[in-house]
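Take a look at the structure set out below.
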Amino acid sequence: MIIFAAILLLGGLVVSQVIWIRRAYQLQETQVNHDITMTLKKVSREIQLHQGDSSFLLDPVRQPMPNTFVVRINENLDPYYIETMLTREFKNEEINLDFEYSLYDCFNDSVVYTKAVYINEGQAIQREQPSAAVSWKSNDGHYFSIHFPNKSAMVRSRLNFWIFSSFILLVLITFFGYTISVILKQKRLSEIKNDFINNMTHELKTPISTIALSSDVLMKPGIENNPERLKNYAAIIQQENNRLQKQVEKVLQIATLEKDQVDLNLQQLNLRELIEQVCQSFKPLITSKNGSITCQHNATNFQVLADEIHLTNVLNNLLDNAVKYNHNEPTIKVSTKNTQDTISISIQDNGIGMSPEEQKMIFDKFYRVPTGNVHDVKGFGLGLYYVKSMVQKHHGQIRVNSAKGEGTEFIVEIPLNHD
């Protein structure tokens, strides 16, 4: 709710900024038009005085188009004189804009002269036709027109404060978006870590309790007189201790990955033989669940340069998930094929599947696919994180195809060794 309210307030601020910039632009444009109009009126009055005309012209300047102004005069003038007057007055009023002026002769009802003056370049070029066509009034005397092709640039140049404030607002929005993203990620990470701690507590509590109970039995008087019973409880302690050791090793293994301290023992491997060995090791477990596992090798080149232990762990993790996350009799298909310079390994199951949202997060550390109120799947949410890390260290890639209730397919691609 706080984030939503902040977004609304920030959105209101952006809308307000846009409205104020538009109004500021309109005000500046009005001011520029006013400055140009007043300057042209001054030019018109000086022309009258130069000609000895003391009459008063009512509204001698009009603006038929946004960038074009028309000035009414009593008779034709020398173009050079008009150009000199305009250049001088525009300079005095700091209107440093290139302009084009045209002279209209009411007797001929036509434009008789057009010239473009480039203030900043200090040059002028005569033209045959004006850039902007003006609707002249032939029965109302002589005219000359002024066209400013870059007037909008002058208006924008007077909006430096608003442009700067808009830039600051854009930076603020960027930092706000980044902050919200970090907050959401931290919130999600906090939830995942809490789940990890809960899972870890549950995983460690059971063997610790079992060891404690077995130790209590071993401490009872007379237990030494029953060697068979003594041996059974010692075996239980050893079994649970090994279980604890494996769980701790998993966490330490991920910590080693985080510090990028994993050194791969690369060697020539025949991936077909490795896949067959891993599949054979899972057959008893899958058979006990009335399931099946098949291997289909469509690849022709199985030679890779890889770490046998870590690659074996990758396949073990993927097959273990295929068995664990399955409410049916597990049917697992392992297939291989060559794609350009890689070998692709597909592990497909008929398990519970995953939604698109879950697929985006399954390789994140500590993340586990939600199973509702059923907690029959053990683990810390580190398996697939380890799998992806190891595949990437082998310069390979992993992707997943899945649908809820329709099973899952993991595809691992490892570069081939051509040496």
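The residues of the chain are indexed from 1 along the displayed sequence.
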Quick one: does any side-chain atom of His394 pair with a main-chain N or O of Asp307 as donor and acceptor, under 3.5 Å?
yes
With a 4.5 Å cut-off on side-chain heavy atoms, are Ile36 and Val61 touching?
no
Say whether, by atom type as modelled, one donor and one acceptor occur between the side chain of Thr287 and the main chain of Lys283 under 3.5 angstrom.
yes
Donor-acceptor check, side chain of Ser402 to backbone of Met354, threshold 3.5 angstrom: yes or no?
yes
Any donor and acceptor pair, going by atom type alone, linking the side chain of Ser44 with main-chain N or O of Leu40 inside 3.5 Å?
no
When every non-hydrogen atom of Pro415 is compared with those of Val304, the smallest separation belongs to O-CG1, 3.7 Å
Side chains of Gln348 and Thr408, donor plus acceptor under 3.5 Å
no
Any idea which heavy atoms bring Pro79 and Tyr101 closest together, and the distance?
O-OH, 3.3 Å
In terms of heavy-atom contacts, Ile21 and Ser166 come closest through CD1-OG, 2.7 Å
Rounded distance [0.5 Å steps], SG in Cys279 versus CG in Leu315:
8.0 Å
Hey, does the side chain of Glu406 reach the backbone of Ala403 with a donor-acceptor pair shorter than 3.5 angstrom?
no
For the residue pair Glu89 and Glu46, establish whether any side-chain heavy-atom pair is separated by less than 4.5 Å.
yes
Hey, are the side chains of Ile352 and Asn326 touching, using non-hydrogen atoms and a 4.5 Å cut-off?
no
Heavy-atom nearest pair, Leu159 first then Val155, reads CG-O, 3.6 Å
Is it true that the side chains of Thr87 and Thr84 contain a donor and an acceptor less than 3.5 Å apart?
no
Are a donor atom and an acceptor atom from the side chains of Gln63 and Thr68 found within less than 3.5 Å of each other?
no
In sequence, state the C-alpha distance, the side-chain angles, and the governing distance for Glu409 and Lys333, and then conclude on salt bridge (charged side-chain N to carboxylate O under 4.0 Å, His left out).
CA-CA 9 Å; Glu409 179 186 19; Lys333 178 182 177 182; over 6 Å; no
Hey, are the side chains of Leu384 and Asn321 touching, using non-hydrogen atoms and a 4.5 Å cut-off?
yes
Are Ile398 and Glu413 close enough, and set up right, to give a side chain to side chain contact (heavy atoms under 4.5 Å, CB included), and what steps lead you there?
CA-CA 6 Å; Ile398 182 171; Glu413 289 187 358; over 6 Å; no
Is there a side chain to side chain contact (heavy atoms under 4.5 Å, CB included) between Ile236 and Leu213? Walk through the geometry before answering.
CA-CA 10 Å; Ile236 291 174; Leu213 290 174; over 6 Å; no
Checking Asp78 now: which residues fulfil side-chain contact (heavy atoms from CB on, under 4.5 Å) with it, not counting sequence neighbours?
Tyr80, Tyr81
Min side-chain heavy-atom separation Ile2-Phe4 under 4.5 Å:
no
Glu29 and Arg156: CA distance, side-chain angles, deciding distance, salt bridge (charged side-chain N to carboxylate O under 4.0 Å, His left out) verdict:
CA-CA 9 Å; Glu29 187 175 34; Arg156 288 194 295 269; over 6 Å; no
Does a donor on one side chain and an acceptor on the other come within less than 3.5 Å for Asn313 and Tyr386?
yes
Got a second to check how far Thr37's OG1 is from Ile146's CD1, nearest 0.5 Å?
11.5 Å
Any chance you could measure Leu305, atom CG, to Leu266, atom CG, to the nearest 0.5 Å?
5.0 Å
Worked check of side chain to side chain contact (heavy atoms under 4.5 Å, CB included) between Phe176 and Leu10
CA-CA 9 Å; Phe176 176 77; Leu10 195 60; 3.4 Å; yes
Report the distance from atom CG of Leu271 to atom CZ of Phe302, rounding to the nearest 0.5 Å.
7.5 Å
Do the two ring centres, one from Phe69 and one from Phe144, sit under 6.0 Å apart?
no
Side chains of Glu100 and Pro149: closer than 4.5 Å at any heavy-atom pair?
no
Would you say that more than 12 heavy atoms from the other residues, nucleotides or ligands in this model lie under 6.0 Å from the NE2 of His297, or not?
yes
Keeping the roles fixed (side chain from Asn301, backbone from Gln303), state whether a donor-acceptor pair exists under 3.5 Å.
yes
Roughly how far, to the nearest 0.5 Å, is the OG1 atom of Thr39 from the CG atom of Leu86?
10.0 Å
Check: Thr342 side chain, Thr339 main-chain N or O, donor-acceptor pair, under 3.5 Å
yes
Is the Tyr104 ring parallel, tilted or perpendicular to the Tyr143 ring (thresholds 30°, 60°)?
tilted
Is there side-chain contact between Val117 and Asp98, with at least one heavy-atom pair below 4.5 Å?
no
Using modelled atom types and a 3.5 Å cut-off, is there a donor and acceptor pairing between side-chain atoms of Asn338 and backbone atoms of Thr300?
yes
Are the side chain of Asn241 and the backbone of Ile237 linked by a donor-acceptor contact shorter than 3.5 Å?
no
Is the count of non-hydrogen atoms from other residues, nucleotides or ligands lying under 6.0 Å from Glu94 atom CD greater than 12?
no
Inspect the contact between Lys115 and Glu83 and indicate whether a charged nitrogen and a carboxylate oxygen are less than 4.0 angstrom apart.
yes
Using modelled atom types and a 3.5 Å cut-off, is there a donor and acceptor pairing between side-chain atoms of Asn350 and backbone atoms of Thr331?
yes
Would you say the side chain of Asn265 lies within less than 4.5 Å of the side chain of Ile309, judging by non-hydrogen atoms?
no
Between Phe282 and Asp320, is a side chain to side chain contact (heavy atoms under 4.5 Å, CB included) present by the stated rule, with each step listed?
CA-CA 8 Å; Phe282 271 86; Asp320 188 48; 4.1 Å; yes
Which heavy-atom pair separates Asn150 from Leu97 by the least distance, and what is that distance?
O-CD2, 3.5 Å
Looking only at side-chain N and O atoms, does Asn33 offer a donor or acceptor that is under 3.5 Å from a partner on Lys151?
yes
Arg88, CZ atom: more than 12 neighbouring heavy atoms under 6.0 Å
yes
State plainly whether the residues Glu329 and Lys289 are in salt-bridge range, i.e. N to O under 4.0 Å.
no
